[in-house]
Engineer: 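Attaching a single structure in structure tokens format; questions to follow.
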Amino acid sequence: SICRKIILHLCSRTITPTFRVAKYPPLTRLSADDMGVNAHADTGFMTFLPPANEPGLQVLDIDGTWFWPDLPEGALIVNAGQFLGRWTNDRFRATPHRVVPPQENDRYSLACFINPNFEAVGECLPTCTGPDSPPKYPTQTYREFFDWYMTNTFTHYGKLKNVNGQ
């Protein structure tokens, strides 16, 4: 199956799990433009999150509508990343999402990002391409893709110098 091939492809290389804890303080007067985190899709393979105690995560549907995901008791949120989309020729769509600030209590989030190492090559899997479905993305390493993404998303990326002038 495609899932088995993706997992074997990823696990045959070193993966880099990264955990991030985020705190979103409440905004009592919330305007439509107020965001805890603006709309984006994660760059890597997958992101796992336990549901937060306070709502805030919204997902963009394929029709362009933001919605609050229905999270059953004990659920784990799984967001597909952009590099997974590249491997699968978008059979697995990167999950566009954003965080709306809470209005009453602090919101805490614990995300586990599963990313390939920077040397991993993103190349369309053979089962995800064919005569009617050519690869949509160039073959490139995760570092090349990550640098491209960061440079095109954050204008200061790669331009800052550290304390020693480097």
Side-chain angles (χ1 to χ4, degrees), residues 1-24 35-52 56-62 64 66 69 71 75-101 107-166:
S1 80
I2 189 172
C3 293
R4 184 174 183 275
K5 290 181 187 233
I6 292 168
I7 292 168
L8 289 174
H9 186 74
L10 177 67
C11 292
S12 67
R13 292 153 175 79
T14 304
I15 59 170
T16 308
T18 304
F19 289 90
R20 187 191 75 212
V21 177
K23 176 185 176 185
Y24 304 95
M35 288 293 137
V37 174
N38 286 323
H40 68 286
D42 300 334
T43 60
F45 180 67
M46 284 186 175
T47 305
F48 297 92
L49 303 108
L57 179 68
Q58 289 186 331
V59 177
L60 186 64
D61 204 344
I62 57 172
W66 288 103
L71 303 173
L76 183 65
I77 300 163
V78 180
N79 285 340
Q82 293 181 51
F83 215 63
L84 175 59
R86 288 169 165 263
W87 268 327
T88 64
N89 219 22
D90 286 335
R91 284 191 185 182
F92 288 89
R93 177 178 158 262
T95 310
H97 58 282
R98 66 184 183 185
V99 178
V100 177
R107 179 182 190 274
Y108 293 91
S109 171
L110 172 65
C112 176
F113 300 93
I114 305 296
N115 297 324
N117 69 24
F118 280 125
E119 289 71 39
V121 176
E123 182 174 21
C124 185
L125 295 169
T127 55
C128 298
T129 188
D132 297 330
S133 182
K136 297 178 182 179
Y137 305 103
T139 298
Q140 61 187 163
T141 65
Y142 183 57
R143 176 174 302 284
E144 291 168 330
F145 168 69
F146 185 81
D147 285 346
W148 171 86
Y149 175 84
M150 295 297 286
T151 300
N152 286 282
T153 304
F154 304 102
T155 56
H156 64 279
Y157 182 76
K159 296 177 183 172
L160 301 178
K161 296 182 180 185
N162 69 18
V163 176
N164 296 327
Q166 300 183 19

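Since we're looking at a predicted model, the values are computed, not measured.
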Engineer: Between Phe83 and Gln140, which heavy-atom pair has the shortest distance, and what is it?
Structural biologist: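 Result for this residue pair: CZ-O, 3.8 Å.
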Engineer: In Å and rounded to the nearest 0.5 Å, what is the CG to SG distance from Asp90 to Cys124?
Structural biologist: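 Asp90 atom CG to Cys124 atom SG measures 9.0 Å (nearest 0.5 Å).
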Engineer: How many angstroms lie between atom CZ of Phe19 and atom CG of Leu110, to the nearest 0.5 angstrom?
Structural biologist: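 One finds 6.5 Å between CZ of Phe19 and CG of Leu110.
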Engineer: Could you check whether any side-chain N or O of Gln82 sits under 3.5 Å from a backbone N or O of Ala41, counting only pairs where one atom can act as donor and the other as acceptor?
Structural biologist: yes
Engineer: Would you sort out whether Tyr24 and Val37 count as a side-chain contact (heavy atoms from CB on, under 4.5 Å), showing the intermediate values?
Structural biologist: CA-CA 9 Å; Tyr24 304 95; Val37 174; 3.4 Å; yes
Engineer: From Thr88 OG1 over to Lys136 NZ, what is the distance, rounded to the nearest 0.5 angstrom?
Structural biologist: 8.5 Å
Engineer: Once you round to the nearest 0.5 Å, how far does CG of Leu76 lie from SG of Cys112?
Structural biologist: 9.0 Å
Engineer: Can you give me the closest heavy-atom contact between Pro96 and Ala94, atom names plus distance?
Structural biologist: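 Shortest heavy-atom separation between Pro96 and Ala94 comes out as CD-O, 2.9 Å.
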Engineer: Specify the closest pair of heavy atoms between Arg93 and Ala80, including all atoms of both residues, with the distance to one decimal.
Structural biologist: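 Closest approach of Arg93 to Ala80: O-CB, 3.4 Å.
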Engineer: The test is side-chain contact (heavy atoms from CB on, under 4.5 Å); show your working for Leu57 and Arg107 and say whether it passes.
Structural biologist: CA-CA 10 Å; Leu57 179 68; Arg107 179 182 190 274; 3.9 Å; yes
Engineer: Starting at CG of Asp147, measure out to CG of Asn152 and round the result to the nearest 0.5 Å.
Structural biologist: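 If I round to the nearest 0.5 Å, the distance is 10.5 Å.
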Engineer: Determine, step by step, whether His97 and Leu60 satisfy the side-chain contact (heavy atoms from CB on, under 4.5 Å) criterion, reporting the C-alpha distance in whole Å, the side-chain angles of both residues, the deciding distance to 0.1 Å, and the verdict.
Structural biologist: CA-CA 6 Å; His97 58 282; Leu60 186 64; over 6 Å; no
Engineer: Give the minimum heavy-atom separation between Val121 and Trp87, together with the two atoms involved.
Structural biologist: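 Looks like O-NE1, 3.2 Å.
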Engineer: Any idea how Phe145 and Tyr142 line up, ring-wise: parallel (<30°), tilted (30 to 60°), or perpendicular (>60°)?
Structural biologist: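 Tilted.
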Engineer: Do Arg86 and Pro135 have side chains that approach each other closer than 4.5 Å (heavy atoms only, starting at C-beta)?
Structural biologist: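 They are not in contact (no side-chain heavy atoms under 4.5 Å apart), so the answer is no.
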Engineer: Working to the nearest 0.5 angstrom, can you tell me the gap between Ile114 CD1 and Leu84 CG?
Structural biologist: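 One finds 12.5 Å between CD1 of Ile114 and CG of Leu84.
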Engineer: Do side-chain atoms of Asn89 reach the backbone of Leu125 as a donor and acceptor pair under 3.5 angstrom?
Structural biologist: no
Engineer: Between His40 and Asp42, do the side chains contain a donor N or O and an acceptor N or O under 3.5 Å apart?
Structural biologist: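 On atom types as modelled, these side chains qualify, holding a pair under 3.5 Å.
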Engineer: Can Arg143 and Phe146 be said to form a side-chain contact (heavy atoms from CB on, under 4.5 Å), step by step?
Structural biologist: CA-CA 5 Å; Arg143 176 174 302 284; Phe146 185 81; 5.6 Å; no
Engineer: Can you give me the closest heavy-atom contact between Asn115 and Phe45, atom names plus distance?
Structural biologist: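 For Asn115 and Phe45, the tightest heavy-atom pair comes out as OD1-N, 3.7 Å.
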Engineer: Where do Pro51 and Ala75 come nearest, in terms of heavy atoms and distance?
Structural biologist: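 Closest approach of Pro51 to Ala75, heavy atoms only: CD-O, 3.0 Å.
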